[in-house]
There are 2 protein chains.
Amino acid sequence: MRWEDLDQQPCSLARTLSVIGDRWTLLILRDCFLKVRRFESFELRLGIARHILADRLKKLVEAGVLDKVLYQERPRREEYRLTRKGLDLYPVLLAMLEWGDAYMADPEGPAVIRRHKKCGAVLASRPVCTSCGEAVTAHDVSVEAGPGAGDADIYLHAATAVRSSSA
Amino acid sequence: MRWEDLDQQPCSLARTLSVIGDRWTLLILRDCFLKVRRFESFELRLGIARHILADRLKKLVEAGVLDKVLYQERPRREEYRLTRKGLDLYPVLLAMLEWGDAYMADPEGPAVIRRHKKCGAVLASRPVCTSCGEAVTAHDVSVEAGPGAGDADIYLHAATAVRSSSA
DNA sequence: ATCGTTGGTTCCGTTTCCGAACCCTAGAAG
DNA sequence: CTTCTAGGGTTCGGAAACGGAACCAACGAT
């Protein structure tokens, strides 16, 4: 599978990866959520090659995740801001941050802690079902073909592998 | 920044990326959550080069995300199973799946829908604070230095970028 | 005139990725 | 006791992505 084919796959995970499934892109987005907006700020904070940074920012703008906003005429200056679509990636970042806190942190703990403004507690989150409000774990979820399913029932159950014969 | 340096960064997101921040790894994990366990099954479903698959599986085992379990002697056969650490990645996958459903699906809808077993509804989830139970969005969260913070306050606020001078 | 700032683009050498082909172990079959 | 098949990899050469450094350009300041 080619990188560019990912967004054609009948799988929402693959399609999401076509936008954010890159070593640098998620780090750029992390900084966006920390209110970093300028080309040079990204460069300094990430130590990324400018070439690569320009490419990733362009792709994120094309994908509708970031918006390039003029914030000053004369001299003309633009900044990159998260769109609604970009802001909606927060649950992804948050889940990754918390998993990293739990399993990858130094012995003394993570470098950054997040606090929930509403209640003041150090933030730990978990996904809940918007219908019933109950927590959701892998075991609580079943999958079935959706409206956009072609012959893609491959995504519904473990394939019975048969090498070099008809599936 | 080098790929191998990611897990040394004082940032949980970077460290998480050092494990799952790869084009193929998340697709492999998606299949793991669909109960795919055998080398050949991954290969068939993903169309991945065997070499790359072997490498990714090895890294996931080394990272403690998958476990290589002997399920049959004579002939010796092993399968890959999610560990607790791996299962705890579900919120990451789920958030990515739902974002893809929302923004990247075909007009007729996503190929797969997930159903919450407990209530029977088509699953949509959102992260909530485990302390107060309220929903968490990017705007509800503040960041501060944690116990593992060195001089890494860079992660707390947008750096004021100063090119080629002392920070 | 020329210097500094911001935000890039071009070049080129090095890694990393990928597809195809090959290899090894072990039972089954003749 | 040789061959066949299945599972699970490893090797190799070309393609793509990455990283560093240099170059470019618009525009204001000195």
Side-chain angles (χ1 to χ4, degrees), chain A residues 1-6 17-18 21-28 31 36-62 66-81 158-167, chain B residues 1-6 17-18 21-28 31 36-62 66-81 158-167:
Chain A
M1 193 194 313
R2 189 121 261 84
W3 185 240
E4 304 88 51
D5 304 335
L6 269 180
L17 286 174
S18 74
D22 165 83
R23 159 139 86 277
W24 287 114
T25 301
L26 277 166
L27 293 173
I28 291 170
D31 279 4
V36 177
R37 306 207 166 122
R38 307 251 296 268
F39 188 91
E40 195 181 28
S41 305
F42 289 112
E43 186 196 356
L44 274 169
R45 291 166 56 85
L46 296 173
I48 184 175
R50 320 186 86 217
H51 177 209
I52 307 294
L53 176 59
D55 177 72
R56 294 302 184 281
L57 288 171
K58 183 150 67 78
K59 283 184 177 152
L60 284 171
V61 170
E62 282 165 5
L66 297 181
D67 227 356
K68 205 170 176 177
V69 178
L70 191 74
Y71 70 94
Q72 170 184 307
E73 288 278 1
R74 335 210 51 75
R76 185 184 188 78
R77 293 275 182 270
E78 292 161 316
E79 62 183 13
Y80 295 92
R81 310 190 67 128
T160 47
V162 183
R163 172 132 62 167
S164 60
S165 5
S166 67
Chain B
M1 192 194 316
R2 199 131 242 84
W3 185 242
E4 303 87 52
D5 305 335
L6 269 180
L17 287 174
S18 74
D22 164 84
R23 162 138 86 276
W24 287 113
T25 301
L26 277 167
L27 293 174
I28 291 169
D31 280 2
V36 176
R37 304 208 167 118
R38 308 252 294 267
F39 188 92
E40 196 181 28
S41 304
F42 289 111
E43 186 197 358
L44 275 169
R45 291 166 55 84
L46 296 173
I48 186 176
R50 303 168 67 85
H51 179 218
I52 306 297
L53 176 59
D55 178 72
R56 294 303 183 280
L57 288 171
K58 181 149 69 76
K59 283 185 176 151
L60 285 170
V61 169
E62 281 165 7
L66 296 181
D67 227 357
K68 204 169 175 177
V69 179
L70 192 75
Y71 70 93
Q72 169 185 305
E73 283 288 354
R74 336 210 48 75
R76 186 183 187 78
R77 293 279 181 270
E78 290 159 315
E79 62 182 12
Y80 296 92
R81 311 190 66 130
T160 48
V162 182
R163 172 135 61 166
S164 59
S165 6
S166 69

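Naming convention: chains lettered A, B, ... in sequence-line order (proteins, then strands); numbering from 1 in each chain.
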Exercise. Has the side chain of R50(B) got a donor or acceptor that lies under 3.5 Å from a partner of the other kind on the base of dG19(C)?
Worked result: no
Problem set entry | R77(A) (side chain) and dG7(C) (base): donor-acceptor pair under 3.5 Å | no
Among the nucleotides [options], which one has an atom lying closest to any side-chain atom of [X]?
| X | options | value |
| --- | --- | --- |
| H51(B) | dG7(C), dC17(C), dC12(D) | dC12(D) |
| D22(A) | dC18(D), dT9(C), dC17(C) | dC18(D) |
| F39(B) | dG7(D), dG9(D), dC17(C) | dG9(D) |

Exercise. If you look at every heavy atom in R23(A) and L17(B), which pair is closest and at what distance?
Worked result: O-CD1, 3.9 Å
For this session: Identify the two heavy atoms, one from W24(B) and one from I52(B), that lie closest to each other, and give their separation to 0.1 Å.
Result: CD1-CG2, 3.7 Å
Problem set entry | Residues forming a salt bridge (Lys or Arg N to Asp or Glu O under 4.0 Å) with R77(A), sequence neighbours excluded | none
Separation of atom [atom1] in [X] from atom [atom2] in [N], rounded to whole Å:
| X | N | atom1 | atom2 | result |
| --- | --- | --- | --- | --- |
| L53(B) | dT11(D) | CG | C1' | 16 Å |
| I52(B) | dA21(C) | CD1 | P | 17 Å |
| L46(A) | dG7(C) | CG | P | 15 Å |
| R23(A) | dC17(C) | CZ | C1' | 11 Å |
| L6(A) | dA17(D) | CG | P | 12 Å |
| I28(A) | dG7(C) | CD1 | P | 14 Å |
| K58(B) | dG8(D) | NZ | P | 17 Å |
| R37(B) | dG7(D) | CZ | P | 17 Å |

Exercise. How long is the gap from NZ on K58(B) to NZ on K68(B), to the nearest 0.5 Å?
Worked result: 9.5 Å
Seminar exercise, completed: With sequence neighbours left out, the residues meeting side chain to side chain donor-acceptor pair (under 3.5 Å) with E79(B) are R81(B)
Problem set entry | Distance test, side-chain N/O of W24(B) to OP1/OP2 of dC17(C), below 4.0 Å | no
Exercise. Heavy atoms under 4.0 Å, any strand shown: does Y80(A) hit a base, just sugar-phosphate, or nothing?
Worked result: sugar-phosphate
For this session: Give one of base, sugar-phosphate or nothing for K68(A), where a contact means two heavy atoms less than 4.0 Å apart.
Result: sugar-phosphate
For this session: With DNA chain C as reference, determine whether A49(B) or R38(A) sits nearer its 5' end, using the nearest nucleotide of each.
Result: R38(A)
